[in-house]
Amino acid sequence: MRQDIFELAGKLGRNEPFDPEDMNSWLLIGADNRVSVFSGKVEIGQGGRTALAQIVAEEMESPFDSIDVYMGITGLVPFDRGTHGSWTIRMMRPALQKAAASVRETLLLMAAERWNLPPEQLQARDGAISVRGDPTRKIAYGELSQGKPLPKKLTGPPATKPVEQYRLIGRNVPRVDLPAKVTGKALYAADMKLPGMLHGKMLRPPSLGAKPGQADFSAARRQPGVIAAIQDGDYIGVVAETEEQAEAALEHIKVSYKEPEYNISTEQIWDYLKANSGEGLVIKESGSPQHGFHLAEKILKATYKAAYLCHAVIEREAAIADVTGDGAKIWITTSVPFGVRSDVALVLCMPEAKVQVAPTEIGGGFGRKNVGDAAIDAARLSRAAGRPVQVVWSREEDFTWGPYRSAAFVEVQGGIAKNGALTAWEYHVYSGPHVGGARARYGMPPDVKRERAEGHGPRADSGISRAVLPLYNIPNQITVAHASPSPLRTTSLRSLGAPMNCFAQECLIDELAEAAGMDPVQFRLSNLTDKDTGLRGVIEAATRKACWKPGKGPTGQGRGFACSLDSDSWIAEVVEVEVDRATGKVRVKRVVAAQDSGLVINPDGVHSQMESGIVMGCSATLNEGIQFKNGHILNASYLDYPIFTMMDAPTIELVIVPNPHMPAQGAGEPAFVPIPAAIANAIYDAVGARVRELPITPAKVLAAMPHHPS
Amino acid sequence: MPRTIHLTVNGHKHELAVEDNLTLASLLRHHLGLTGTKTGCEEGHCGSCTVLVNGSPLYSCLLLATAVDGQAITTIEGLAVDGKLHPLQQAFLDEEALQCGYCSPGIILNAKALLDKNPHPTEDEIRYSLSGNLCRCGLYQRIVRAVTNAAHSMAAKGAR
């Protein structure tokens, strides 16, 4: 049981704050020679736990199975902003590599002192320091450390191991978290049970943004099993002995709501985003766009749209809180334990030091777990009940009250010269926020300072402008990101605004290629410079693997291409589709992807993440979009928001372009990014229908088909 | 009024007093502590709560406990025998056919029912049989491969 997890910091003698420059903040060698790794990242299914252990074992010269990785437990691990943005490896590898190398070098110096030998005569091997040429003379790391933090002995940065000598990094070390998941032993937040634990349920307003008056709990409090019923601002909840009792008691709460005026629904969101955004933030301007369009032989202009997307992770929002006079303990499915800590502290008016948060096993995230809603629910209810409270949202609540990826809208025009060279580009994206703000919209008091730091509010955050710049050599260009408030609650969803930007860019590039009379892949390659080796590498790898050749015109079968730069990884994808001309139904048959993520820690882990991103991208492109009207979410179930099933999923073929001397880059999101554009381009190739709005439903395909009556 | 029912769960006999509205999923998770059975939606759409009832894969969130009185239930906790993983569990590990693992118990049980009935399914048969189990991590291709490999290893060993 993980309820004693908060005792670990005391047992291991660890105290905040942890200086990230100090190796002891990240690593501790027990007297038993086991190595504890402390990271603020969490295992969310991405394989982080295994990859971080590989990094440490490699650099420290410790056996892989001697490594224990502690993740995301506040008070025990260094602060971390969260497990998102494909940052687990990108951020942790430099930190852990340096800490592990420092530890190794320090242990070497300690052994040298003990034996009175020059350090050059010693070596670190297999969890011990030994004398070169005399393997019988050795001392285990744990014997040197005695389970204590290591003294500072290094005067400069440690030497790191050359890539050529890696024996663990680059290997498919089996995932350490999987055995417990296939036997049912892994404990997710809804699976945990504390002694005396109660169950909480929230009364949801009749529509989004509706404000409750004063609630009358007199009848609800008399219901069987009810321990407490509370109102805290807009928040109304009930605690009972069982989940069923809490649910049943909700119906006995008397309260009236003031519903806001709604004049926006799914169809008007594009106009809303444009009307409500400021003049925008110029992300890049070079040359003279006006002059560039003047020089162009042909100019194409188009608008692209994308609906709100829901994460729809199978695990529902869930947490347990145990709030006492001493403080609050939280167990939650989250990717932001430190964010949850400050949220709970804020809600309970408690110093952060009194709040402890531990992530449980996490049933998928993709950004959904970047908020800690259930912790806020459970903390409020536990404070009222004086006992531990578990909160598990219903599926409908998860679809309705969780945050989404913002809808977005793009206006773009591009110009080409007679020879097919891009001469000019003008790009405007309009979108609600991706980063920050979501917490404030879950009945939280505003934390202005943090919201500002996270980029909440009407400014172009890093999510809107992600992958926003054209990949090609265009002498005259301007790119502007326009941030709008969002009528629906938003947060980041796997790769944020990147797929939308790639969709608009890479579809227009295909259209420009056709206008130039060129094959779309040739057109792209011809608009790269000699310096674009990363992009060229993945384009060539993907098209070679897919045996790309120019299409023969509409046959019902189509191929599409798109590429991007996301999370510092290059990604290129070829998609094959089959389109039913009578119904407009699209089937993705095959996806071939090539990715360059620099150094790869665990190749199978990267493959797994690529497959995952591709399937999610296909599902988002063809099936997914939140529909809303008059403050109601209309498709709050898997039946009405049909994510891809095993029947829909394509055959996937992958190439990792080797680049071991580049730092390890992000791999969780890039493969999602080109999918919408590649599918749209493939549909055009198949039936001549250019659909510029996501999701690409059969009706939109039919309407866009040439000679269609509409 | 609670009713008394008799169930065999993973080979163990239970006599239980249950309310009429208690689902099999809740019974397993909250009364028997078998939390390997997940409930992703509680409305019969995601398949994560799949268990075997007399060998047939059913959504335990849609079944009332009283409706399975006298039946034999297999959950994910009942698949490994004496600590030795079922070939399907082993194949899911070997292929790393999971990421977050939330859908895996339901998928593995559904696949077991398929292989018990059809020891050598084609890829299309696997995809069709498992299409009622959603995997948001999207590792469908690996799951197909894992089930295929498990079928081969079960055939080789004559195991079920």
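Only heavy atoms go into these numbers, but all of them, side chains included; no hydrogens, no water, no symmetry mates.
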* Is it the side chain or the backbone of A:I314 that comes within 4.5 Å of chain B heavy atoms, both, or neither? -> both
* Give me the contact list for residues 89-100 of chain B versus chain A, heavy atoms only, anything under 4.5 Å, ordered by residue number. => B:Q89, B:F92, B:L93, B:E96, B:L98, B:Q99, B:C100
* To do: Work out which heavy atom in A:K181 is nearest to a heavy atom in B:G101; give both atom names and the distance.
  => CD-CA, 4.0 Å
* **Portion of A:P642 that has a non-hydrogen atom of chain B nearer than 4.5 angstrom** => neither
* Given that the side chain runs from C-beta out, which part of A:D177 has a heavy atom under 4.5 Å from chain B: side chain, backbone, both or neither? -> side chain
* Any idea which heavy atoms bring A:F644 and B:Y140 closest together, and the distance? -> O-OH, 2.7 Å
* CE of A:M616 to SG of B:C135: how many Å apart, nearest 0.5 Å? -> 10.5 Å
* Structure fact -> Most heavy-atom pairs under 4.5 Å with chain A, out of B:L22, B:V144, B:L134, belong to B:L134
* Structure fact -> Between A:M646 and B:I126, the two heavy atoms sitting closest are SD-O, 4.3 Å
* What residue, out of A:E315, A:Q46, A:K185, A:H311, has the most heavy-atom pairs lying under 4.5 Å from chain B? -> A:E315
* Asked: Between A:E611 and B:C137, is any pair of side-chain heavy atoms under 4.5 Å apart?
  -> no
* Contact origin within A:E244 toward chain B - heavy atom pairs under 4.5 Å -> side chain
* Select one option (side chain, backbone, both, neither) describing which atoms of A:A190 are under 4.5 Å from chain B's heavy atoms. => both
* Check whether A:F399 gets within reach of chain B through its side chain, its backbone, both or neither, counting any heavy atom under 4.5 Å. => neither
* Looking at side-chain heavy atoms only, is the closest gap between B:R136 and A:I643 below 4.5 Å? -> yes
* Counting heavy-atom pairs under 4.5 Å to chain B, which of A:D648, A:V615, A:I362, A:V182 comes out on top? -> A:V182
* Asked: Is it the side chain or the backbone of A:S619 that comes within 4.5 Å of chain B heavy atoms, both, or neither?
  -> side chain
* Structure fact -> Within residues 10-21 of chain B, contacts to chain A at heavy-atom distances under 4.5 Å involve none
* To do: Might you confirm whether atom NZ of A:K589 has over 12 heavy atoms from other residues, nucleotides or ligands at distances under 6.0 Å?
  => yes
* Structure fact -> When rounded to the nearest 0.5 Å, the distance separating CG of B:L139 from OG of A:S608 is 4.5 Å
* Asked: Hey, which residues of residues 36-56 of chain B are touching chain A, say heavy atoms under 4.5 Å apart?
  -> B:G36, B:K38, B:T39, B:G40, B:C41, B:E42, B:E43, B:H45, B:C46, B:S48
* Examine whether an atom of A:A186 lies under 4.5 Å from a heavy atom of chain B, and if so say whether it belongs to the side chain, the backbone or both; otherwise answer neither. => backbone
* **residues 71-85 of chain B: residues contacting chain A (heavy atom under 4.5 Å, by number)** => B:I76, B:E77, B:L85
* Less than 4.0 Å between a side-chain N and a carboxylate O, is that true for A:D604 and B:R142? -> yes
* Proximal component of B:I143, with respect to chain A [non-hydrogen, under 4.5 Å] -> side chain
